[in-house]
A.B. asks: 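Questions regarding the structure given below will be posed in turn.
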Amino acid sequence: MARVIVDVMLKPEILDPQGQAIARALPRLGFSGVTSVRQGKRFELELDGPADEAALAEVRKIAATLLANTVIEDFTVRVE
Amino acid sequence: MARVIVDVMLKPEILDPQGQAIARALPRLGFSGVTSVRQGKRFELELDGPADEAALAEVRKIAATLLANTVIEDFTVRVE
Amino acid sequence: MSGARVGVVTFPGTLDDQDAARAVRHAGATPVPLWHADRDLKGVDAVFLPGGFSYGDYLRCGAISRFSPVMEELIPAARKGLPVLGTCNGFQILCEAHLLPGALTRNAGLRYVCRDQRLRVENTATVWTSAFSPGQEIVLPIKHGEGRYVADPETIAELEANNRVVFRYLGNPNGSLNDIAGITNETGTIVGLMPHPEHAVEELTGAPSLDGRGIFTSILKHLVNA
Amino acid sequence: MNARTGTDMDSTHTDGQVSTQVSADSRAGGFVDTVERAARTPDEPQPYAELGMKDDEYARVREILGRRPTSSELAIYSVMWSEHCSYKSSKVHLRQFAAKAPKSDALLVGMGENAGVVDIGDGWAATFKIESHNHPSYVEPHQGAATGVGGIVRDILSMGARPVAVMDSLRFGPIDAPDTARVLPGVVEGISSYGNCLGLPNIGGEVAFDPCYAGNPLVNALCVGLLRKDRIKLATAPGPGNKVVLFGARTGPDGIGGASVLASATFEEESQAKRPSVQVGDPFMEKLLVECCLELFEADLVVGIQDLGAAGISCATTELAAKGTGGMRIDLDLVPLRDPSLRPEEILMSESQERMMAIVKPADVPAFLEVCAKWDVPATVIGEVTDTGRLVMTWRGETIVDIPPGTAANDGPVYERPYHEPADQAALNADSPRRLPRPGDLRATLLELLASPNIASKEWVTSQYDRYVRGNTVLAMPADAGVLRVGDVVPGVAPEAAETRRGIALATDGNGRYARLDPYAGAQLALAEAYRNVAVTGARPLAVTNCLNFGSPEDPEVMWQFAEATRGLADACRALGVPVTGGNVSFYNQTGSVAIHPTPIVGVLGVLDDVAKRITPGFPEAGLRVVLLGETFEEFGGSEWAWVAHGHLGGLPPRARLDEERALADVLVTGAARGLIAGAHDLSHGGLGVALAEACLLHGVGCTVATPGDDAFTDLFSETTARAVVAVRPEHFDALVKLCAVNDVPYQTLGTTGGSSLTVEGVLEIPLPELRDAYERTLPAVFGD
Ligand SMILES: Nc1ncnc2c1ncn2[C@@H]1O[C@H](COP(=O)(O)OP(=O)(O)O)[C@@H](O)[C@H]1O
Ligand SMILES: [Mg+2]
């Protein structure tokens, strides 16, 4: 049993209106000091075996085919 | 300039239909070995100063008021 | 009724399949229901991927449906020239399946929008738009939360240069790049658009226009002449 | 606090067999409170008070069982005898709806089932119901409202119908209150995401604001379904040996606050700490459940069916058993769980969403499970029907429930709660709006009213709802009523044959200010407005559903409001000839000791024999005569003007003129059938001025009119009921006039349509763009463009 994390973020050149809306709201709520916000997705995958290289390769394939749309998104895979 | 990450996940006892739908799809795509998937959000905040204790406290407040819905979600804050 | 048979695909969570079939029937063709789990296109002459929330639109719109058995048949057939139309969720699926370039992302206004939308028909050389006149302004309903078309600059330049933008918004509802509402592949056989022609074919119901009919008469003409 | 913990259902999986054996993995550590143990330990203290049970209620359970209840039985009785499930405070009043019901050939299934069913002709039937999800929507607006939609859709589904549309009736605190900025967008997003994902067009509703709803927003959701009238399904479990199938989502620890009380009081327990107060809906699962059920109905694989709402499995099993042969055996170990640590009491009380329970003949079980598999809907046989007259449940091999199901489902307590007129009622009614200074500038008054949150355009809300899906929407917002073509993919009907010329119209209305001034009249006025909104489309009103939103029934002043409102509604239904088919009561809508205004919301369903003949809302073109139907009196109590201009609420509401409403509806329905009316809009809040403005804005066609009487202010802003403004082609004018005469409906020709402004001769002239700006800017200014 292992937990693997896949983080998926929009590529930097793609507009992120959600992140922007949050960044715009912050000063209105009295928060200063944040210059930009980007919003992405985080997936927690529980594996039924150990998070060895083979398993991680499999998760990378899952991320590339399903969890991220690589036309607009980048992803990273890591063990927690 | 520092980057702080806020991870927001549904509380474990709250139903995550999205994660379930992904988990159900994996075997159909030929991926085995993943027993459960939970999907959450990841925010990248760029600060205009250092990520010192004061800044992190501020980010924690932002997370609790804006980024997470603490009725159903938990969050963690960390420096990247 | 002509002999033309237009397949209408139902995924789990597809919503506008009944409307699509009705619009095909009104145009004089025969709608053929296609089921996501069947690796079978039933010999249809063209395929309609209707709107909805396939797989709940979880993860990303169209991300899970694109891997269904019927798509495994459809993708190669479409590459070989089978006419395919995707509206709304169908457009999203076509992009996820890489039959069309780019992606559809969260509306810039961050809200779902249902409204009657003015559009301009930019390309009447596709099999789905030949019945329109070039530059014709039409009204079709839109109803989506993730319709903001994005692609990298080269792709956008490519689309513009080769007249592959088929529909453009007049009054951009979602922040799409270049006001793009619909695009086509290189050969004009595959078209994807966010608006809903199938909701604009009857006097009594749907949008206050009959402009959606153009889509269905176009494909029928193409199939009858083929 | 709201009595209802709201929401529902949950889950299941695989095709288990009924069995009684179970692994003795007692990870829960504790013991099981079995029937046998309960008999042995009669004096063991039980936390019934924490579960909301009174001493005498607990004593009655002991009397029924002849022993103390097990903790699982206590769970069942406490939820089934709660206000929400047993209607113990409202029952004696609701009986009037049946007792006073007008004769109606249309009523196929009346009150008491999941939803009423109405004959709409040509072998078709419609079923519709409105229900509240107020408290959950306050706690978590998005999920609360979403699961409210999910729950009412399952009610309609369980009648054997295809759900075909939804509506939502909403009340919030002041538009600029900080909490409204949290609650309103969340509620709208919840309704939008759930309803849109289900593929149900949203065809109408209301949004109103008043300080009394600040801590108690109201979220009432309505669903309507269609079916062939010989295909009605009922919640019943007949036929010993028939199987009990639980299908849909898995059961999780949702909405079981009560059960944790039980567990922590009864057990030295670890796992109960983390029980969510919020249920998350899965609209995708619900969509699958809808299609799956319709296919099961079509294949005739269902003997009886019940959705799982509040009180989950407790409610479904006791009600199904009580209405069937009377007995049932359930193995709780077979219930598929999302969280394996659930105790039996929690499984019984869980309100996990998207679950249904069906009674299936043993021979049909394989076919049933096959249909479920096709739609990816988990399904499990968890028990069977018996003729023992007992509902028996086992868990881990031990009997933990053994009760006569009717005692939980039907024989709950009934209270005659004391009530009396509120102490301030007389003073409130004496504070007549006659003392308020009248405005000098009626132009400014009209613009101010149009921009007031209660009247202003609700497009910010409605544009987030899909109104086109399924392709049968004839009218939706901003029409007075939603109108659908009858015909759809419905069990037992081929798609081609399923399209008819028939239509149904639906409207919901309610006015808490009117009801505060006079709850008897307020309820009647809510009905009258919904009835009028339906008639104004040309549809003949047929039947009524209602959601009664009130404060605490334990407060005699609130109880008086409730008694008056139900009496008023029952009397008005009789007068208008439309029976109540069902509804819902939501009590405890109050903050501290301050209750909301009594807010009865009434939904009316009507029928058009030829839907193509529906009346277009507003003024469709220039050159039409503008005619006011009905008579105007000076009535400003509870009016929008009194509130907007003076913050005043006092006096008496407009009189409910039920005979006049009926006559007006006759003119509209007959006029529509004969094609005499080119456009129409009813008069309600804001009076004639607002109605004219809205009618102009709809198609961008102006008008020039004269006020009918000699007091322009009263003519334009009084809220007298039983009125509508219609636009008539000159060649149809005489026929319409004759129709009015026959039906005794007063009318006045006001002027003609055309031009690009609203002109009231000698009083005001406002260009349409200025009118539009006032009308459309209010909500976006507060909630964002
Ligand atoms: N919450 C809502 N959901 C759906 N439709 C709504 C909602 N609120 C208002 N509408 C629609 O907006 C229009 C105007 O509403 P309203 O002014 O309350 O109508 P009326 O005065 O005729 O009752 C109607 O078509 C109504 O159905
Ligand atoms: Mg109205």
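Each chain gets a letter, A, B and so on, in the order the sequences are listed, and its residues count up from 1.
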A.B. asks: What is the minimum heavy-atom distance between C:A207 and D:Y468, and which atoms define it?
C.D. replies: N-CE2, 3.5 Å
A.B. asks: Check each atom of D:V290 against the heavy atoms of chain C and say whether the ones under 4.5 Å are side chain, backbone, both or neither.
C.D. replies: neither
A.B. asks: Name the option with the most non-hydrogen atom pairs under 4.5 Å to chain C; the candidates are D:E189, D:R467, D:K287.
C.D. replies: D:R467
A.B. asks: Which atoms of D:Y194 come close to chain C, meaning under 4.5 Å heavy atom to heavy atom: side chain ones, backbone ones, both, or neither?
C.D. replies: neither
A.B. asks: What I'd like to find out is whether the side chain of D:R485 reaches to under 4.5 Å of the side chain of C:T205, using heavy atoms alone.
C.D. replies: yes
A.B. asks: Please identify, among D:P185, D:S463, D:G199, the residue contributing the most non-hydrogen atom pairs under 4.5 Å to chain C.
C.D. replies: D:S463
A.B. asks: Side chain, backbone, both or neither: which part of D:L198 has an atom under 4.5 Å from a heavy atom of chain C?
C.D. replies: backbone
A.B. asks: If you take all heavy atoms of D:C197 and C:G56, which pair is closest and at what distance?
C.D. replies: SG-CA, 4.1 Å
A.B. asks: Please look at D:D376 and chain C and tell me whether the side chain, the backbone, both or neither of the residue comes under 4.5 angstrom of a heavy atom of that chain.
C.D. replies: neither
A.B. asks: Can you confirm whether D:F783 sits close enough to C:R111 that some side-chain heavy atom of one is under 4.5 Å from a side-chain heavy atom of the other?
C.D. replies: no
A.B. asks: Please name the pair of heavy atoms, one in D:R470 and one in C:Q18, separated by the smallest distance, quoted to 0.1 Å.
C.D. replies: NH2-OE1, 2.8 Å
A.B. asks: When you look at CD of D:E459, are more than 12 heavy atoms from neighbouring residues, nucleotides or ligands closer to it than 6.0 Å?
C.D. replies: no
A.B. asks: Which answer fits C:E202, side chain, backbone, both or neither, if we ask what part of it has an atom under 4.5 Å from a heavy atom of chain D?
C.D. replies: side chain
A.B. asks: Please look at D:T473 and chain C and tell me whether the side chain, the backbone, both or neither of the residue comes under 4.5 angstrom of a heavy atom of that chain.
C.D. replies: backbone
A.B. asks: Quick check on D:E370: does its CD atom have over 12 non-hydrogen neighbours (other residues, nucleotides or ligands) under 6.0 Å away?
C.D. replies: no
A.B. asks: Which heavy atom of C:D19 sits nearest a heavy atom of D:V469, and at what distance?
C.D. replies: OD2-C, 4.3 Å
A.B. asks: Please give me the minimum heavy-atom distance between C:W35 and D:K374, naming the atom from each residue.
C.D. replies: CZ2-CE, 3.6 Å
A.B. asks: So which residue, D:D466, D:V474, D:D785, ends up with the most heavy-atom pairs under 4.5 Å with chain C?
C.D. replies: D:D466
A.B. asks: CG of D:N202 to SG of C:C114: how many Å apart, nearest 0.5 Å?
C.D. replies: 9.5 Å
A.B. asks: What are the two closest heavy atoms between C:Y112 and D:Y465, and how far apart are they?
C.D. replies: CE2-C, 4.3 Å
A.B. asks: Could you check whether D:F284 and C:F53 have their ring centres less than 6.0 Å apart?
C.D. replies: no
A.B. asks: Hey, are D:D282 and C:Y58 close enough side-chain-wise for a donor-acceptor pair under 3.5 Å?
C.D. replies: yes
